[in-house]
Amino acid sequence: MFLCEILSRNLSIPNRFNKFFFKIANKLGICQKHIKAIFLGCICGFVNGPKLITQTDSPASLNSEEITSSVFLSSNASISFVVGIVGGFIWNSLTFGIFLYLTQIISSIIINKIYFDKKQSILIFNKEKTTSFFNSISNSIYSSTQTMIIICSYTIIFSLIIDLLSLYLASHLNSEIFSFIASSMEFTKGVYIATQHKNIQYSAFLTGFSVGFGGLCVAGQTFSVCEGFKLKKSLYIALKAIQGVICGLASIIFVTIYNLECTKEKLVFTEINSNYIFNSIIISIFLFFSLKLLKIFIKSHFFQKHY
């Protein structure tokens, strides 16, 4: 997230390439003001893109369709997670990781184009204001720390909910149903739980669905960073669900054709018990306070003149 902030503040498209990129964006139905945010969001992963979009524009400058379209396009799992973890580590195939990553990007563009079905007018941008490198680092640290508190809060809470369901309800629920619930709530743990099934096709579907949908946890994070904007929350969730189904079906096809097997023995969780839940809550509280103190420290030492 910190590197994404640095790139967003210092990366600019050379003027001679502006027209070329804008024409492509125009044909794909991508808001040209947010090309950089969408690109970095797709590379760096969930929440980064929406966060950069909200930093670029004010709530009054974007209508509901513009913000929903751009946030949807920029909300994808990072290339490192999909290719390195899902493909290389879990399914022992970097090719599958690359395929799944490209599937989620292409499917998001197609869904966006079909649903919104609009073309952007060619825009002419003024030269972006530049800041010193030190100020850029300071602003990036402060901004990314704020967002990390939100991300950690949602991730830990949803992970604990999944663990509680696993501890108290998993024995009463069909394993396929529980796995689908976990995949719909938090995508990282959802991917791991998806690999525990004997049915390899179902594991493949849940893997793709988790990556494409992102889970309600990511949706909550996205809504938090987009607070104040006219984001259509129900529409965003619906479009991400469609994207998840497409990625899931594509994963089944790829895994079946290439006869892949996921790695199960490396992904065995520590047995979940009440002490585990209690310790997780204590660690969560400690983490929240630590991040809060870090935020106060950065604000007081780097932003005394601004605040």
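Note that these values count all heavy atoms, side chains included, but never hydrogens, waters or copies made by symmetry.
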Problem - From OG1 (Thr95) to CG (Leu100), nearest 0.5 Å - result: 12.5 Å
Practice task
Could you tell me whether the side chain of Ile246 reaches within less than 4.5 Å of the side chain of Ile110, counting heavy atoms only?
Solution key: no
Completion exercise
When every non-hydrogen atom of Gly49 is compared with those of Ser74, the smallest separation belongs to C-OG, 3.5 Å
Practice task
Might you work through the side-chain contact (heavy atoms from CB on, under 4.5 Å) test for Phe213 and Val218, ending with a clear yes or no?
Solution key: CA-CA 9 Å; Phe213 181 50; Val218 169; over 6 Å; no
Practice task
Heavy atoms only: give me the nearest Gly87-Phe96 pair and the separation to one decimal.
Solution key: CA-CD2, 4.5 Å
Practice task
Answer yes or no: is there a donor N or O on one side and an acceptor on the other, between the side chain of Ser78 and the main chain of Ile43, under 3.5 Å?
Solution key: no
Exercise for the section: Taking the side chain as every heavy atom from C-beta outward, state whether Phe229 and Ile53 have any atom pair closer than 4.5 Å. Expected result: no
Exercise for the section: Quick one: pull up CG in Asp57 and CD1 in Ile67 and give me the separation to the nearest 0.5 Å. Expected result: 7.5 Å
Practice task
Decide side-chain contact (heavy atoms from CB on, under 4.5 Å) for Phe81 and Phe187; before the verdict, give the C-alpha distance in whole Å, the side-chain angles of both, and the deciding distance to 0.1 Å.
Solution key: CA-CA 11 Å; Phe81 177 77; Phe187 78 101; 3.6 Å; yes
Exercise for the section: May I ask you to test the Ile161-Glu186 pair for a side-chain heavy-atom distance under 4.5 Å? Expected result: no
Exercise for the section: Measure the spacing between CH2 of Trp91 and CZ of Phe254 and express it to the nearest 0.5 Å. Expected result: 11.0 Å
Problem - Residue pair Val255 / Thr207, side-chain heavy-atom distance below 4.5 Å - result: no
Exercise for the section: Taking the side chain as every heavy atom from C-beta outward, state whether Tyr101 and Asn76 have any atom pair closer than 4.5 Å. Expected result: no
Problem - Smallest separation among heavy atoms of Gly190 and Ser210, with atom names - result: C-OG, 3.8 Å
Problem - Test item: Ser107 side-chain N/O and Gln104 main-chain N/O as donor-acceptor pair under 3.5 Å - result: yes
Handout entry: Short side-chain to backbone donor-acceptor contact, Thr195 and Cys262, under 3.5 Å
Key = no
Exercise for the section: Please round to the nearest 0.5 Å and tell me the distance separating atom CD1 of Ile252 and atom CD1 of Ile200. Expected result: 11.0 Å
Exercise for the section: Side-chain contact test, heavy atoms from C-beta onward, threshold under 4.5 Å: evaluate it for Leu235 versus Phe72 and give yes or no. Expected result: no
Completion exercise
d(Lys113 NZ, Ile30 CD1) to nearest 0.5 Å is 9.5 Å
Practice task
Answer yes or no: is there a side-chain heavy-atom contact under 4.5 Å between Leu62 and Lys33?
Solution key: yes
Problem - Whether Lys240 side chain and Ser75 backbone form a donor-acceptor pair below 3.5 Å - result: yes
Practice task
List the steps, then state whether side-chain contact (heavy atoms from CB on, under 4.5 Å) holds for Asn48 with Leu40.
Solution key: CA-CA 7 Å; Asn48 283 288; Leu40 291 175; over 6 Å; no
Exercise for the section: Work out which heavy atom in Ser184 is nearest to a heavy atom in Phe209; give both atom names and the distance. Expected result: OG-CE2, 3.6 Å
Handout entry: Any donor-acceptor N or O pair under 3.5 Å, side chains Ser61, Glu66
Key = no
Problem - Closest heavy-atom pair and its distance - Leu165, Met185 - result: CD1-SD, 4.1 Å
Practice task
On the 0 to 90° scale, with breaks at 30° and 60°, tag the Tyr202-His197 ring pair as parallel, tilted or perpendicular.
Solution key: perpendicular
Practice task
Using only heavy-atom distances, determine whether the side chains of Ser224 and Tyr154 contain a donor-acceptor pair under 3.5 Å.
Solution key: yes
Exercise for the section: Please step through side-chain contact (heavy atoms from CB on, under 4.5 Å) for the pair Phe205 and Ser183, ending with a clear verdict. Expected result: CA-CA 10 Å; Phe205 174 80; Ser183 300; over 6 Å; no
Fill in the blank from the handout: What one should report as the nearest heavy-atom pair of Gly208 and Cys247 is O-CB, 3.2 Å
Problem - Side-chain heavy atoms of Lys36 within contact of Leu52, under 4.5 Å - result: no
Practice task
To the nearest 0.5 angstrom, please state how far the CD atom of Glu65 sits from the NZ atom of Lys230.
Solution key: 12.0 Å
